[in-house]
Asker: 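Provided herewith is a single structure, encoded as C-alpha cells, for subsequent inquiry.
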There are 2 protein chains.
Amino acid sequence: METRRIDPVNCSVARALSVVGERWSLLIVREALDGARRFGEFHSRLGIARNLLATRLETLVTAGVMRRVPYQEPGDRQRFAYELTEQGRALRPTLVALLEWGDTYLADPQGPSVIVRHRPVDDASSCDEPVKVVLECAAGHSHLAPDDVCRTPGPGARFVESS
Amino acid sequence: METRRIDPVNCSVARALSVVGERWSLLIVREALDGARRFGEFHSRLGIARNLLATRLETLVTAGVMRRVPYQEPGDRQRFAYELTEQGRALRPTLVALLEWGDTYLADPQGPSVIVRHRPVDDASSCDEPVKVVLECAAGHSHLAPDDVCRTPGPGARFVESS
DNA sequence: CGGCCTGAGTTGAAGAAATAAACTCACCAA
DNA sequence: TTGGTGAGTTTATTTCTTCAACTCAGGCCG
C-alpha cells in the first residue's frame, strides 16, 4: 500500500537544525542570551576551540542569528562583539525547552543548576517566578501533553511516496 | 574584576545536547513522534546512512529516549522496532519550538509544511487548532517575550570565576 | 533442496568536521 | 624594544559522516 506523507526534509525542524543544529551553536546562543558578547567570553565560558568558535560565529552571523558589531574600549583598538538579533533571541523557548527536558531526565542530584525566571530587562515589576514552556492551542487549551498533539500538512507541504 | 558565574558546562542544556544534540538525533525523534517505528522507516524517511542510523538508535536507546521492542509479523521472523519512551515523547515541546522558529525565520515561501494541531491520540474531542509553544511563569504570566526572562542559579549550581 | 528476496543491520574506505596547540597580527604600555 | 593581550589562523591529529558493499536470518518459489 502506497501512502503519501509529508516530506521530512521539507520541514522547518530540519531547516532550523541546519542553522543551529551543529555542535556548539545552541550553546553559543545560550551564552549570548546570558550576556556574552566578546570572542574571548564565548571562548572561556564554553571551552570551545578558537577556530571552531570563529567559524561558528561566522555561520551564526551569516544565518542572521547574530550580528557582528564593532566596539572600542578607551585606549584600545577597535574590536568586534557578537550580539543576538531578534531572530537569535527568538531561540529562547527552544533553549528553555531543552533545559526543562534536561532538568527532568538528566538532572544533577543536587537539582537544576539554572532556573529561568520571569524578570524583564527593565527590572521594574520583577515577578521573578520560575518559567516553563507550555504547549497551547489557538482555542486556548493550554498545558497540552506531548501526545495531545499531532503533525498535519500545512500550505507549504511537499509529499513523498512511501510503502 | 572577578565575578562568579554559573558554570556553563554544569547545565541541563549542555547535558540535553550531549544526548540529543548530535546530527540526526532530533530528526529521528521527530520521525518517531510522527509514527516511525522500524529501522527501514527511519532510513527511508530521513535518508540517513544505515550505519549511522544504527549507532544513533543505539545511543538513543542507551540514553533512555527510545526503547527497542521485538515484534513479529505473521509469517516473518522476529524483528525489532524502536519506540519513544516517555522521556523521548517529552522532547515534543523542544521540537515544536524549533519548528516554530524555523517557520518564522527560515520559512518556505509557500508557508509552513507542517502544522502541529491539538488532536489527542483518542480523537474524541479533536479540537484540531494549531499549537504553539509559550513561556509561562509560575505566577500565571503567560506569553512571555524572550527578553522577559533571565537565568538564575538553582540549587545544583556550580560556579566558575571569570574576569 | 537450492537459489533468490527482504529487512536489518556490519564492515571498510574515503571525505568532512572537531580538537588542541602553536602561530600571527595589531595595538598598547613600560 | 620588549612584553602583554584580545582576536583570530594554521596545522596536525583524531573523530565523525557518508557511501557502498557485504553479512545474516528467515521466508518463498520451483
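A note on names: the letters A, B, ... follow the listed sequences, proteins ahead of strands, and every chain is numbered from 1.
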Asker: A:Leu53 CG to D:dT10 P: how many Å, rounded?
Answerer: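 Result: 16 Å.
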Asker: Please report, rounded to the nearest Å, how far the C1' atom of C:dA18 is from the CG atom of A:Leu27.
Answerer: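 Going from CG in A:Leu27 over to C1' in C:dA18 covers 14 Å.
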Asker: Send over the distance from A:Arg38 CZ to D:dG6 P, rounded to a whole Å.
Answerer: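 Result: 8 Å.
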Asker: If you measure from CG on A:Leu135 to NE2 on B:His118, what distance do you get to the nearest 0.5 Å?
Answerer: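 One gets 10.0 Å once the value is rounded to the nearest 0.5 Å.
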Asker: Would you tell me whether A:Tyr71 and A:Arg37 have side-chain atoms, one donor and one acceptor, within less than 3.5 Å of each other?
Answerer: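 Not at all, the side chains of A:Tyr71 and A:Arg37 share no donor-acceptor pair under 3.5 Å.
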Asker: Does C:dG7 have OP1 or OP2 under 4.0 Å away from a side-chain N or O of B:Tyr71?
Answerer: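 Indeed not, no polar side-chain atom of B:Tyr71 lies that close.
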Asker: Which comes earlier along DNA chain C counting from the 5' end, the contact point of B:Phe80 or that of A:Gly47, where each point is its nearest nucleotide?
Answerer: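 Result: B:Phe80.
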Asker: Under the 3.5 angstrom rule, does the side chain of B:Arg158 hit a backbone N or O of B:Gly156 as a donor-acceptor pair?
Answerer: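 Answer holds: yes.
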Asker: Using whole Å, what does the distance between atom P of nucleotide C:dA8 and atom CG of B:Leu57 come to?
Answerer: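 Rounded to whole Å, this separation is 11 Å.
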Asker: Across nucleotides 22-28 of chain D, 5' to 3', mark each nucleotide with B, S or - according to how protein heavy atoms within less than 4.0 Å reach it.
Answerer: ---BSS-
Asker: For the pair A:Asp148 (side chain) and A:Ala145 (backbone), establish whether a donor and an acceptor sit closer than 3.5 Å, ignoring hydrogens and angles.
Answerer: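 Side chain of A:Asp148 to backbone of A:Ala145, a donor-acceptor pair under 3.5 Å: yes, one is there.
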Asker: When you check the side-chain N and O atoms of B:Glu136 and A:His143, is any donor under 3.5 Å from an acceptor?
Answerer: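 Present: a donor and an acceptor within the cut-off.
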Asker: Give each protein N/O atom lying under 3.5 Å from an N/O atom of nucleotides 12-17 of chain D, with the pair distance.
Answerer:
unit_1	atom_1	unit_2	atom_2	d
D:dT17	OP1	B:Arg56	NH2	2.5
D:dT17	OP2	B:Arg56	NH2	2.9

Asker: Send over the distance from A:Ile28 CD1 to C:dA18 P, rounded to a whole Å.
Answerer: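 Rounded to whole Å, this separation is 11 Å.
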Asker: For the residue pair B:Tyr105 and B:Glu100, establish whether any side-chain heavy-atom pair is separated by less than 4.5 Å.
Answerer: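 When only atoms from C-beta onward are counted, B:Glu100 and B:Tyr105 do not touch, as no gap falls below 4.5 Å.
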Asker: For the pair A:Glu31 (side chain) and A:Ile28 (backbone), establish whether a donor and an acceptor sit closer than 3.5 Å, ignoring hydrogens and angles.
Answerer: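 No; zero donor-acceptor contacts below 3.5 Å.
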Asker: Hey, does A:Arg68 reach any base, or is it just sugar-phosphate, or nothing, if we go heavy atoms under 4.0 Å?
Answerer: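 It contacts sugar-phosphate atoms only.
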Asker: Rounded off to whole Å, could you give me the NE2-to-P distance for the B:His43 and D:dC19 pair?
Answerer: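 Whole-Å distance recorded here is 10 Å.
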Asker: Judged by each residue's nearest nucleotide on DNA chain C, which is more toward the 5′ side, B:Glu41 or A:Ala49?
Answerer: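 Its nucleotide being nearer the 5' end, the pick is B:Glu41.
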Asker: Which donor-acceptor pairs under 3.5 Å do side chains of residues 48-59 of chain A form with protein atoms, sequence neighbours excluded?
Answerer:
unit_1	atom_1	unit_2	atom_2	d
A:Thr55	OG1	A:Leu52	O	3.0
A:Arg56	NE	A:Arg23	O	2.8
A:Thr59	OG1	A:Thr55	O	2.9

Asker: Regarding B:Tyr82, tell me which of base, sugar-phosphate or nothing describes its non-hydrogen contacts under 4.0 Å with the strands shown.
Answerer: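 The residue B:Tyr82 makes sugar-phosphate contact but no base contact.
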Asker: Say whether, by atom type as modelled, one donor and one acceptor occur between the side chain of A:Thr85 and the main chain of A:Arg67 under 3.5 angstrom.
Answerer: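 Looks like no, no N/O pair under 3.5 Å.
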